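Reviewing the structure listed below.
Bear in mind that the values here come from a model prediction, so they are computed numbers and not experimental data.
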Amino acid sequence: MTRPPRPSAGPSPLLDAVRALVYRAEQVYEGGPAMPELHAAARRLDEPLRVAIAGRIKAGKSTLLNALVGQELAATDAGECTRIVTWYRDGHAYRVVAYPHSGPPRPLPPGPSGGVLDVSLDGLRADQVDRLVVDWPSAALSRMTLVDTPGMDSLSTELSRRAESTLGTDGEDEPAEVDAVVYLMRHVHGSDVRFLETFRNDPAERRPINTIAVLGRADEVGHGRVDALESAARVAARYQQDPRLQALCQMVLPVAGLLAATAATLREEEFRGITTLAQAGEAELERLLVTAARFTGAETDIAVDPARRAALLDRFGFFGLRLSVRLVQNGVATTAAALSRELSARAGLGPLRDALTGRFADRADVLKARSALLAVEAVLQRWPVPAAASLRHEYERITAGAHEFAEIRLLDTLRTGALMLTDLEKTDAYRLLGGDGAAPATRLAVDPHSPPDELRSAAIAVLAQWQRRAEHPSSTRDVREAARVLVRTCEELVLGAQPYPCAGAADIRHAAERMLP
């Protein structure tokens with residue numbers, strides 16, 4: 001027996017419309033083979049956003065996940081668990097559950113250390129497990145579930161298939177199990193472009209709004225020098241201007257994943273080791289910090305034994321070691337907490353967190369709605385029963401009529417440069433549509449702490465600007481249609497900032513018209 005849809009917690013007409021569509025589909029297909037997919041789609045609407053971390057082998061996926069969560073949760077070596085798709089979600093207590101390909105879910109005991117990284121598969125082989133689900137109390141996981149995937153170019157066909165199945169890029173009819181992707185790469189390899197193209201190729205024309213690219217080992221771009229992240233930022237900026245990537249991902253960000261993970265979990269004894277290194281002579285440090293073999297094995301008067309040096313190199317890398325020593329020597333970091341903050345700021349994790357919030361979490365309703373619509377579309381294509389004709393009509397009405405999807409389509413058009421707008425208009429339109437983040441203040445380019453009446457005034461001013469563009473006799477048809485989408489966005493921003501009841505769009509338009517010259 002299907003259950004009636006429940007309204008969303010916040011004002012999300014789109015999510016409510018999609019929830020009602022899924023509910024009606026459950027009624028039409030009740031008792032049939034489509035029910036598991038529809039039940040899964042319904043559950044996804046009420047869960048946190050699902051974000052996959054994907055990339056080729058050794059791109060730094062698990063390391064970046066640890067940095068984002070601020071805990072050493074994901075195994076970063078070549079053990080059994082790195083071969084399994086692993087979901088990390090917010091929970092009341094630590095728990096790991098294996099979902100075998102056949103048989104019921106199985107809670108797993110901790111490994112020898114009692115930690116997450118060496119969890120025991122309890123007699124299961126990695127190829128017998130469909131996924132692992134790790135529950136962990138974490139504020140970072142409360143808004144989005146992170147999904148760690150095996151390398152996309154694994155020599156094992158099975159490993160690659162698992163990742164592709166999760167991401168919906170395996171050529172099957174099954175929709176992706178995730179709503180968005182953070183794709184890691186060292187540089188733009190042909191296989192990276194092919195994956196991003198495949199991830200976009202689906203019935204709903206999945207667009208770059210749900211994909212962010214990351215140079216996940218950015219410190220290696222500058223060969224571990226102290227200014228390596230600056231070099232990586234320039235490379236990322238060039239990639240972001242590449243028309244191929246503009247059509248496939250929202251942005252390209254440089255992140256030193258290893259340093260970010262270490263900064264989030266820095267230990268007091270590690271800080272003491274860095275301090276000891278910083279007190280050594282510059283010439284001796286330069287002699288040691290040339291190769292891994294020399295740093296960990298050479299004879300030296302520095303009071304850090306080879307085992308500790310090896311552990312520091314494993315945790316910090318050459319870039320992190322050089323940077324940490326410099327920060328301590330210059331008096332910028334005088335405590336472990338201060339060093340942790342400085343390293344985190346310099347690792348590039350902050351901009352990535354902001355992007356995940358502004359471009360994914362703040363658009364969670366839109367991304368989850370699209371995922372559910374894809375699931376309904378797949379069911380309608382696979383089982384085209386006569387009773388589902390009205391479902392098809394409703395599906396098309398939602399996908400064509402929802403303003404959120406109109407914004408996404410216009411964002412995509414702006415990325416291709418097809419609209420005859422000035423460069424300033426393109427920049428303003430991109431920001432207004434949420435290309436730089438979905439928060440109202442970000443869209444309107446005002447202080448995020450602005451009171452509602454200031455947001456409302458700013459929205460009305462921008463609305464008047466795009467009304468003029470929509471009505472200007474020299475505007476082409478495409479420009480007029482784009483301007484109308486932007487006007488609708490402004491109207492919704494005005495209503496959202498309204499501190500008292502408003503009669504609706506007519507009043508908003510009247511206020512904007514008073515601002516026209």
Side-chain angles (χ1 to χ4, degrees), residues 57-64 66-67 70 72 74-79 113 117 184 186-187 215-235 254-349:
I57 292 175
K58 295 297 182 182
K61 301 180 294 296
S62 300
T63 301
L64 182 63
N66 289 336
E72 292 183 331
T76 57
D77 57 15
S113 72
L117 297 181
L184 274 69
R186 296 192 187 187
H187 55 83
L215 295 179
R217 303 176 73 157
D219 51 305
E220 296 179 1
V221 173
H223 306 289
R225 298 189 306 268
V226 174
D227 63 348
L229 262 295
E230 297 174 15
S231 300
R234 290 191 290 271
V235 172
V255 179
L258 176 62
L259 186 62
T262 299
T265 58
L266 185 67
R267 303 159 189 148
E268 188 66 39
E269 65 268 21
E270 292 173 335
F271 175 73
R272 289 195 295 268
I274 294 292
T275 301
T276 302
L277 290 172
Q279 293 168 349
E282 194 69 29
E284 180 65 0
L285 279 175
E286 286 299 320
R287 184 181 75 86
L288 290 179
L289 288 170
V290 175
T291 66
R294 181 179 294 184
F295 181 74
T296 59
E299 294 291 334
T300 179
D301 292 334
I302 299 175
V304 181
D305 61 59
R308 289 181 66 198
R309 276 181 269 152
L312 288 172
L313 182 61
D314 183 60
R315 287 269 289 161
F316 287 78
F318 277 119
F319 170 69
L321 283 173
R322 291 182 177 122
L323 178 59
S324 298
V325 167
R326 180 73 58 84
L327 291 171
V328 171
Q329 287 176 335
N330 294 343
V332 176
T334 57
T335 65
L339 181 59
S340 174
R341 288 194 299 270
E342 293 296 331
L343 294 180
S344 181
R346 287 164 169 78
L349 193 63

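For Gly257 against Ala67, the heavy-atom pair with the smallest separation is O-CB, 4.3 Å. The two residues Val304 and Gly273 make their nearest non-hydrogen contact at CG2-O, 4.0 Å.
With Leu327 as the partner, the side-chain contact (heavy atoms from CB on, under 4.5 Å) test is satisfied by one option alone out of Leu323, Val325, Asn330: Leu323.
A search for side-chain hydrogen bond (donor to acceptor under 3.5 Å, both in side chains) contacts involving Arg326 returns nothing, not counting sequence neighbours. Arg346 is linked by a side-chain hydrogen bond (donor to acceptor under 3.5 Å, both in side chains) to Glu342, counting only residues two or more places apart in sequence or in another chain.
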Show, in sequence, the C-alpha distance, side-chain angles and deciding distance for Leu321 and Ile274, and conclude whether the side-chain contact (heavy atoms from CB on, under 4.5 Å) test is met.
CA-CA 8 Å; Leu321 283 173; Ile274 294 292; 3.7 Å; yes
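Looking at Pro306 and Thr296, their side chains never come closer than 4.5 Å, going by heavy atoms from C-beta outward. Looking at Thr275 and Phe271, their side chains come closer than 4.5 Å, going by heavy atoms from C-beta outward. A heavy-atom distance below 4.5 Å is not found between the side chains of Leu215 and Leu184.
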Hey, can you pull the donor-acceptor pairs under 3.5 Å for the side chains in residues 276-284, sequence neighbours left out?
residue: Thr276; atom: OG1; partner: Arg272; partner atom: O; Å: 3.0
residue: Glu284; atom: OE1; partner: Arg287; partner atom: NE; Å: 3.0
residue: Glu284; atom: OE2; partner: Arg287; partner atom: NH2; Å: 2.8
residue: Glu284; atom: OE2; partner: Thr300; partner atom: OG1; Å: 2.6

With a 3.5 Å cut-off and sequence neighbours excluded, list the donor-acceptor pairs that the side chains of residues 311-319 form with protein atoms.
residue: Arg315; atom: NE; partner: Glu270; partner atom: OE2; Å: 2.6
residue: Arg315; atom: NH1; partner: Glu72; partner atom: OE2; Å: 2.8
residue: Arg315; atom: NH1; partner: Thr265; partner atom: OG1; Å: 3.0
residue: Arg315; atom: NH2; partner: Thr265; partner atom: O; Å: 2.8
residue: Arg315; atom: NH2; partner: Thr265; partner atom: OG1; Å: 3.1
residue: Arg315; atom: NH2; partner: Glu270; partner atom: OE1; Å: 3.1

When the side chains of residues 331-340 are checked against the rest of the protein, which donor-acceptor pairs come out under 3.5 Å, sequence neighbours left out?
residue: Thr335; atom: OG1; partner: Ala338; partner atom: N; Å: 3.0
residue: Ser340; atom: OG; partner: Ala263; partner atom: O; Å: 2.5

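The line from CZ of Arg217 to OG1 of Thr63 is 7.5 Å long, rounded to the nearest 0.5 Å. Atom CG of Leu343 sits about 5.0 Å away from atom CG of Leu259, to the nearest 0.5 Å. Atom CG of Leu266 sits about 11.0 Å away from atom CZ of Arg341, to the nearest 0.5 Å. Taking CZ of Arg309 as the start and CG of Leu289 as the end, the distance is 10.5 Å to the nearest 0.5 Å. The distance from the OG atom of Ser231 to the CG atom of Asp219 is 11.0 Å, given to the nearest 0.5 Å.
Arg294 contributes no side-chain N or O that, together with a main-chain N or O of Leu288, makes up a donor-acceptor pair within less than 3.5 Å. Under a 3.5 Å cut-off, the side chain of Asp227 and the backbone N or O of Glu230 do not form any donor-acceptor pair.
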